[in-house]
Student: 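The structure follows.
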Amino acid sequence: MSKELTTRAEDYSQWYNDLVLKSGLADHSSVRGCMVIKPYGFALWENMRDQLDKMFKETGHVNAYFPLFVPKSLFEAEEKNAEGFAKECAIVTHYRLKADPNNKGKLMVDPDAKLEEELIIRPTSEAIIWNTYKGWIQSYRDLPILINQWANVVRWEMRTRLFLRTAEFLWQEGHTAHATKQEAVEETERMLDVYADFVEEYMAVPVIKGIKTPNERFAGAEETYCIEAMMQDGKALQAGTSHFLGQNFAKAFDVKFSDKNNTLDYVWATSWGVSTRLIGALIMAHSDDQGLIMPPKIAPIQVVIVPVYKGEESKAVIDEKAQGIINELKALGIRVKYDNNDNSRPGWKFAEYELKGVPVRIALGLRDIENNVVELARRDTKEKKSQSMDGLAAYVNQLLADIQQQMYDKAVAFQTEHTTACDSWDEFVKLLDEKGGFVSAHWDGTAETEEKIKEQTKATIRCIPLNNVQESGSCILTGKPSTQRVLFARAY
RNA sequence: CGGGAUGUAGCGUAGCCCGGUUAUCGCGCCUGGUUUGGGACCAGGAGGUCGCAAGUUCGAAUCUUGCCAUCCCGACCA
């Protein structure tokens with residue numbers, strides 16, 4: 001069959017690509033590096049987005065929207081930020097096309113329509129937002145500003161992968177302004193917690209909260225906090241970041257406020273974001289060689305009902321019985337799909353919904369109706385059993401909760417199993433090559449050492465875990481004294 | 001952006017080295033029928049700018065050049 005996947009053992013990257021395409025999450029587009037998110041993939045994103053949006057609002061944030069274009073002069077105002085993104089910016093230089101006199105029916109860029117000032121297509125929005133905040137903030141009474149925006153951004157990547165790294169991607173970016181450093185730091189940490197809670201509770205992917213080394217820090221930030229997740233191939237994936245921006249942007253855009261004593265000071269800032277990359281994390285953390293495995297809480301379809309019938313007559317009986325089950329499930333808020341499409345047969349549907357990762361499948365035939373049961377199959381364990389129709393909805397509701405929990409537990413076990421403490425260089429290299437995962441090792445704290453380790457092993461410091469145990473040791477590479485272990489891994 | 005590979009119907013492919021009627025096969029698709037508890041079967045049918053553009057040639061899927069896209073490996077990165 002054309003729908004068969006490359007297995008993970010054969011070729012992990014190919015498996016991932018096959019899975020994204022064949023499960024109907026996304027397609028390649030005719031634009032280099034850009035993908036089409038298909039309805040099934042977008043439904044997943046909507047569920048993630050809606051939950052995150054709710055959590056942002058519960059923590060006092062409101063949504064707004066800022067322009068896609070950033071004038072170059074604004075973009076370059078915060079130098080480090082601009083420098084960090086300069087290499088991957090798309091730039092608008094003209095505003096008009098015209099008929100090409102030398103090429104009938106074709107268009108050309110009108111050389112007379114060159115912009116006075118180039119517009120950068122936002123790779124992130126700090127510049128345009130802080131330029132705007134300048135006009136909004138005069139007094140401590142104007143603070144804090146707690147704004148989030150759902151948007152697309154463009155980063156002109158050399159090498160792209162569906163969901164993990166595309167030239168254009170969807171994300172949310174929170175941009176907050178505060179009167180004090182402490183408040184801004186608290187905000188940064190609060191949003192990191194929101195991300196960690198979301199990814200663990202809704203996506204069933206355990207994460208390590210930590211801070212980035214200066215090397216890996218967001219351009220223009222004082223401190224970058226992150227959540228790091230572990231994929232099934234032992235590679236790490238940065239799932240979200242939250243930045244304490246200090247007064248860097250306030251200084252760059254001259255955003256000052258008067259405090260209660262009428263003293264002027266620069267405003268303190270944070271920014272934080274997660275993107276459609278999370279979908280890549282979801283896929284690589286849970287799925288298997290048969291297809292996706294969706295955590296129930298964000299699965300576009302939580303339960304699919306497949307009728308098994310012979311002829312129109314039995315179909316009518318089953319349709320009616322199924323409708324009763326659907327009503328009960330919907331009453332509990334369960335997202336259910338009844339696939340009574342006559343064009344494909346049950347076996348085909350079973351395989352198809354396994355590929356799409358639907359957590360629970362109910363098969364319903366005359367035989368079941370006679371016995372007052374349904375065939376219930378769960379995607380994560382492939383377990384199949386006969387279940388009484390009495391109290392079915394409540395049972396399924398609990399089953400979905402169990403699946404969610406077990407998927408998380410399984411991922412936690414994997415992460416624990418693939419986190420190894422290590423004190424010798426030879427073992428360090430061997431671990432990265434043979435076992436993968438996080439390697440917890442001492443580091444002398446210098447960028448030079450970090451760089452050398454990266455050159456020799458391709459592993460980077462994923463983060464310095466929050467609340468890290470302080471212990472004296474010696475650097476894995478240089479043997480110099482160290483006060484704590486950091487997490488190394490090869491990463492996406 | 002550097003090195004390598006690939007591109008033939010919606011998908012997977014044969015043909016290409018060695019140019020020559022109407023481009024092969026399977027899946028999928030359409031019509032009719034029989035079916036339906038793990039990717040059904042029979043019969044008939046439709047579907048192709050051979051990635052795109054130039055060139056060589058009487059003639060190009062096949063040879064040459066350029067471009068585009070995808071994958072793998074590097075550099076870069078959420």
Side-chain angles (χ1 to χ4, degrees), chain A residues 1-4 6 11-18 21-22 27-35 84-89 103 106 123-124 153-173 195 212 215-219 224 226-229 236-243 271-281 290-291 306-315 318 339-355 361-371 373-375 377 382 384 386 454-455 458 460 491-492:
Chain A
M1 290 300 290
S2 64
K3 288 252 174 153
E4 270 176 20
T6 304
D11 184 340
Y12 194 83
S13 299
Q14 192 60 49
W15 164 80
Y16 176 83
N17 285 325
D18 281 2
L21 298 173
K22 290 180 179 174
D27 257 342
H28 291 291
S29 72
S30 45
V31 188
R32 175 204 269 272
C34 296
M35 66 176 172
F85 285 103
K87 295 187 299 295
E88 45 186 343
C89 287
N103 207 344
K106 304 288 185 192
T124 180
V153 288
V154 170
R155 296 181 186 176
W156 212 262
E157 300 291 347
M158 290 296 128
R159 199 173 154 189
T160 58
R161 294 198 64 191
L162 293 164
F163 290 115
L164 295 175
R165 184 171 299 109
T166 46
E168 180 193 15
F169 57 94
L170 303 184
W171 77 345
Q172 56 71 217
E173 44 182 328
Y195 287 155
K212 288 292 189 187
N215 257 355
E216 302 272 329
R217 196 176 281 157
F218 176 73
T224 287
C226 64
I227 50 173
E228 291 286 326
L237 185 125
Q238 179 175 307
T241 49
S242 184
H243 314 290
S271 70
W272 28 274
V274 295
S275 71
T276 38
R277 183 180 228 208
L278 282 177
I279 294 176
Q290 274 68 51
V306 177
V308 181
Y309 53 86
K310 299 178 183 173
E312 284 301 314
E313 202 176 312
S314 64
K315 184 166 184 288
I318 294 164
D339 187 353
N340 64 346
N341 184 339
D342 194 43
N343 295 326
S344 42
R345 299 165 75 259
W348 190 90
K349 291 174 185 174
F350 294 170
E352 184 65 14
Y353 290 108
E354 275 162 16
L355 182 60
R361 182 185 72 232
I362 292 174
L364 183 64
L366 283 184
R367 207 162 73 202
D368 301 305
I369 291 175
E370 278 168 29
N371 298 321
V373 297
V374 297
E375 182 194 82
K382 308 261 180 55
K384 222 163 43 169
S386 194
K454 185 180 173 182
E455 277 169 23
K458 294 178 190 164
T460 49
Y492 278 98

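Below, chain A is the first sequence line, B the second, and so on; all start at residue 1. Just so it is clear, the structure is predicted and the values come from calculations on it, not from any experiment.
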Student: Under 3.5 Å for both donor-acceptor distances, Watson-Crick or wobble: does B:U62 have a partner, and if so which one?
Tutor: none
Student: Just how far, in rounded Å, is C1' of B:U36 from CG of A:L364?
Tutor: 14 Å
Student: Just the rounded figure in Å: distance from C1' of B:U35 to CD of A:E313.
Tutor: 16 Å
Student: OP1, OP2 of B:C71 versus side-chain N and O of A:S13: anything below 4.0 Å?
Tutor: no
Student: Taking a pair as Watson-Crick or G-U wobble with both distances under 3.5 Å, which nucleotide is matched to B:G32?
Tutor: B:C42
Student: Could you say whether A:N17 or A:K87 is positioned toward the 5' end of RNA chain B, judged by the nucleotide with the nearest heavy atom to each?
Tutor: A:N17
Student: Searching all strands shown, indicate the nucleotide that pairs with B:C11 (Watson-Crick or G-U wobble; both distances under 3.5 Å).
Tutor: B:G26
Student: Over how many whole Å does the gap from A:R159 atom CZ to B:G4 atom C1' extend?
Tutor: 12 Å
Student: Whole angstrom is fine here: how far is it from NZ in A:K349 over to P in B:U35?
Tutor: 18 Å
Student: For the atom pair NZ (A:K212) and NE2 (A:H243), what is the distance rounded to the nearest 0.5 Å?
Tutor: 10.0 Å
Student: When only distance counts, do a donor and an acceptor, one from the side chain of A:R361 and one from the base of B:G38, lie under 3.5 Å apart?
Tutor: yes
Student: Base, sugar-phosphate, or nothing for A:L237, non-hydrogen atoms under 4.0 angstrom?
Tutor: nothing
Student: Rounded to the nearest Å, what distance is computed from the CG atom of residue A:L21 to the C1' atom of nucleotide B:G10?
Tutor: 13 Å
Student: On RNA chain B, nearest-nucleotide positions of A:Q14 versus A:Y309: which is more 5'?
Tutor: A:Y309
Student: Can you tell me if the side-chain N/O atoms of A:R367 get under 4.0 Å from OP1 or OP2 in B:G37?
Tutor: no
Student: Searching all strands shown, indicate the nucleotide that pairs with B:C50 (Watson-Crick or G-U wobble; both distances under 3.5 Å).
Tutor: none
Student: Using atom NZ of A:K454 as one end and atom C1' of B:C76 as the other, report the distance to the nearest whole Å.
Tutor: 8 Å
Student: Could you tell me how far apart A:W156 (CH2) and B:C1 (C1') are, to the nearest whole angstrom?
Tutor: 14 Å
Student: Could you state the CZ-P distance from A:R155 to B:C1, rounded to the nearest angstrom?
Tutor: 20 Å
Student: Taking only N and O in the side chain of A:K458, is any of them less than 4.0 Å away from OP1 or OP2 of B:G74?
Tutor: yes
